[in-house]
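In what follows, a structure is listed as structure tokens, so that the remarks can point back to it.
Sequence lines set the chain letters: A, B, ... in the order given, protein chains first and strands last, and positions in each chain run from 1.
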Number of protein chains: 2
Amino acid sequence: MPSIRDVARVAAVSHQTVSRVLNDHPSIRPETKQRVLDAITQLDYRPNLAARALVTRSSNVLGVLSASVGEFGPASSIAAIEEAARAEGYSVSTINLPATTPEAIDTAVRQLVREQVAGLVVLAPQLRVFHVLQGMAIGVPYVSLQTASGASGERHAADQVAGARLAVNHLIELGHRDIVHLAGPQDWIEAESRMRGYLDALLDADLPTIPPVRGDWTADFGHFAGRELARRVDFTAVFAANDLMAIGLIHGFRDAGLDVPNDVSVVGFDDIPVAPHIWPPLTTVHQDFPELGRRAVALLVADIRGEERPALGPLEPQLVARASSSHGRRS
Amino acid sequence: MPSIRDVARVAAVSHQTVSRVLNDHPSIRPETKQRVLDAITQLDYRPNLAARALVTRSSNVLGVLSASVGEFGPASSIAAIEEAARAEGYSVSTINLPATTPEAIDTAVRQLVREQVAGLVVLAPQLRVFHVLQGMAIGVPYVSLQTASGASGERHAADQVAGARLAVNHLIELGHRDIVHLAGPQDWIEAESRMRGYLDALLDADLPTIPPVRGDWTADFGHFAGRELARRVDFTAVFAANDLMAIGLIHGFRDAGLDVPNDVSVVGFDDIPVAPHIWPPLTTVHQDFPELGRRAVALLVADIRGEERPALGPLEPQLVARASSSHGRRS
DNA sequence: TTGTACGCGTTATCAT
DNA sequence: ATGATAACGCGTACAA
């Protein structure tokens, strides 16, 4: 591994001049620069990142803090974050939170800071994570990917409330009046936003609200909920907070002899890859997870470089109507 | 940020002694050690990782090189890798290959090596990636997660061939004699292994083989393939190389008026979370992706530390029989 | 425009 | 058992 001094020797300059070339220092004679560049090529020299991090006190690493499991949405976003970060010249160090206790969060953030990450992308959809983060003096720029319903600056995401309204309005337009919400866990920001969109839509339409069912995002829970809900007769449609629960829900209804959409309509959220292919094809709200990740990186990088944050247009979720919702009603 | 010298000052020792305490050097008096430890606690001192990496020429970072997209399996494994690595005291730096060209692979590996990763976990299920890797003098220990059919040492995975045999034997036991394989892309090791398992099972049972259909792992392709296959009458069952394609396939059959499993049986591979909940519930081969990731880390860490590799029992895929396969046949 | 000297925080080597 | 000193590779201040 050649060092900057080896390059200097070959180019017959001081190591300092090499450093200047490396960092695009203005005052350097083109021919000197070329000589250095040639030496660099010749030796296949690569700056030592540790040494650089040591002296600059900051590495070209972006930290990704994730508190979601291996779900489709977050996983897609993380992949996109990773790609976008590399494109900007950053490495990516990921850390998954095993639990969302304040201590675990604290440890994780400290760990990342200790690695001298230049910035942090947080995919921590739980409220408590968000609050802990706000209460921490992190010391590096960070961008939060979780969705919140229109609050302070660090956050950035697709408008979950609007997405949920789309879903529920779709059901209302189909003629449904009694719509149940299969919600996500209480602590999750997305769960709250989607529920609020649900409630807003019902209020706007002067329709009655029914107490929501709290789920855990899993298809297994959806299945369970479907079997339970099938005993009730006070609704004709369900808005599930994500596709996995929606798919499990349909399964549960099927087990109980209820047909979707003829007896009950179901709408999901996320538009996971299987959504169009199951039976019945799932009406859902499409989210562009990769774009979400890219935007987070764009904002973060701007913050790190002290530049103006790019103005990003709204990232609106879109309704994808499929066969799982119709005007059919149970008698 | 206190440095090792600050600690030394507080503990009234030399910074060298502090370093010894940090690295569990044997010859150090317990009382001195305690004094240093107290100082460390008092100052909340954390060793600077960049400085350490600079001098030791190796960081406590494991690199993860992934050439798969955001699919369920790899994503689950990566999450597990990350967790296991943290538990062993390593950070994780991930890099996603945008393409599987030798240049891209080379660049990615170099980048990781430049970050002075202590070791590498490679999730690169394509043959070409594997070959490029073998031809590279990487310079750090690495473990390959992709599956190969019983070849050299670096590889490690669940036995895909055996898994595929399970699937096909299941169909044979149900009475099927004409079984089509919806395969994965040609370059993928898993695709080859699963196809080989398929062929082996047919040969063992003295059954005819039918030219396989090459897919791309996506549900959309499965859907397309289903519609195409529905025109043919030379088979009564399909073994799809993964669940997504299987689900799309069932959709395609449905579009064409074919019922699964009454007209055609379908078996998938992976056991993704929705597999039990779709209609018909998908018979598939279960893989323990997280365990795969954990094992990769265990092996890699042993290599890095120069220890004996732990003896890991076989990680056998398991058949999960559900309703998508039955003895039913098309007339 | 270019070079010298120093410091970043740690570990390794050789004393004591 | 402990300390002094020298690396490690790079960036910055200052000098030339």
Side-chain angles (χ1 to χ4, degrees), chain A residues 1-40 43-61 89 91 110-111 113-118 139 305, chain B residues 1-40 43-61 89 91 110 113-118 139:
Chain A
M1 272 290 131
S3 90
I4 198 170
R5 289 165 204 278
D6 298 319
V7 176
R9 198 173 312 119
V10 171
V13 295
S14 78
H15 77 273
Q16 184 49 258
T17 302
V18 178
S19 173
R20 287 201 244 274
V21 171
L22 256 34
N23 299 297
D24 293 316
H25 192 92
S27 44
I28 195 151
R29 202 188 316 163
E31 83 178 53
T32 314
K33 179 169 181 176
Q34 191 52 53
R35 225 169 52 238
V36 171
L37 255 24
D38 289 344
I40 289 177
L43 297 177
D44 192 30
Y45 162 80
R46 310 279 175 194
N48 181 307
L49 297 152
R52 189 173 275 180
L54 176 60
V55 66
T56 61
R57 296 161 170 291
S58 161
S59 64
N60 273 279
V61 176
S91 299
R110 277 188 190 295
Q111 171 64 22
V113 169
R114 207 153 84 80
E115 292 176 26
Q116 300 185 153
V117 295
R305 299 190 176 146
Chain B
M1 273 287 138
S3 91
I4 199 172
R5 289 164 202 278
D6 298 320
V7 176
R9 198 173 311 121
V10 170
V13 294
S14 78
H15 74 274
Q16 184 49 249
T17 302
V18 178
S19 175
R20 287 196 176 88
V21 171
L22 255 35
N23 299 298
D24 292 314
H25 192 91
S27 45
I28 194 150
R29 203 188 316 165
E31 83 180 51
T32 315
K33 179 169 182 175
Q34 190 53 54
R35 224 169 52 235
V36 172
L37 256 25
D38 290 345
I40 288 176
L43 296 178
D44 191 32
Y45 161 81
R46 310 278 174 195
N48 182 306
L49 296 148
R52 187 173 276 179
L54 175 61
V55 66
T56 61
R57 296 164 168 292
S58 160
S59 65
N60 273 282
V61 176
S91 300
R110 277 188 189 293
V113 169
R114 209 153 83 79
E115 292 176 27
Q116 298 184 150
V117 294

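- We find the OH-CG distance between Y45(A) and L22(A) to be 5.0 Å, quoted to the nearest 0.5 Å.
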N/O donor to acceptor pairs below 3.5 angstrom from side-chain atoms of residues 28-36 of chain B, sequence neighbours left out:
unit_1	atom_1	unit_2	atom_2	d
Q34(B)	NE2	D38(B)	OD1	3.0
R35(B)	NE	A11(B)	O	2.9
R35(B)	NH2	A11(B)	O	3.3

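- With rounding to whole Å, R114(B) atom CZ is found 13 Å from dG9(D) atom C1'.
- Closest of all the heavy-atom pairs between N60(B) and G89(B) is CB-O, 4.0 Å.
- Applying the 4.0 Å criterion to OP1 and OP2 of dT2(D), one finds that T17(B) has every side-chain N and O outside that range.
- I40(A) contributes atom CD1, which lies 8.0 Å from atom CD1 of I4(A) (distance to the nearest 0.5 angstrom).
- If you measure from atom CD1 of I4(A) to atom P of dG9(D), you get 11 Å, rounded to the nearest angstrom.
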| task | Could you give me the CA-CA distance, side-chain angles and deciding distance for S91(B) and Q111(A), then say whether side-chain hydrogen bond (donor to acceptor under 3.5 Å, both in side chains) is met? | result | CA-CA 9 Å; S91(B) 300; Q111(A) 171 64 22; 3.3 Å; yes
Shorter than 3.5 Å, N or O on both sides, protein versus nucleotides 6-8 of chain D: list them out with atom names.
unit_1	atom_1	unit_2	atom_2	d
dC8(D)	O3'	R57(B)	NH2	2.9

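- With rounding to whole Å, Q116(B) atom CD is found 13 Å from dC10(D) atom C1'.
- Across all non-hydrogen atoms, the minimal contact from H15(A) to R5(A) is ND1-NH1, 3.7 Å.
- Nearest heavy-atom pair, A50(A) versus A53(B), reported as atom, atom and distance to 0.1 Å: CB-CB, 3.8 Å.
- The heavy-atom pair separating R52(B) from N23(B) by the smallest distance is NH2-OD1, 4.3 Å.
- Residues from residues 21-32 of chain B placing a heavy atom under 4.0 Å of any atom in DNA chain D, listed by number, are S27(B), I28(B), R29(B), T32(B).
- Look at CZ on R9(A): it is 11 Å from P on dG9(D), rounded to the nearest Å.
- Taking only distance into account, the side chain of R20(A) meets the base of dG3(C) through a donor-acceptor pair shorter than 3.5 Å.
- Considering only side-chain N and O atoms, S14(A) lies nowhere under 4.0 angstrom from the phosphate OP1 or OP2 of dT2(C).
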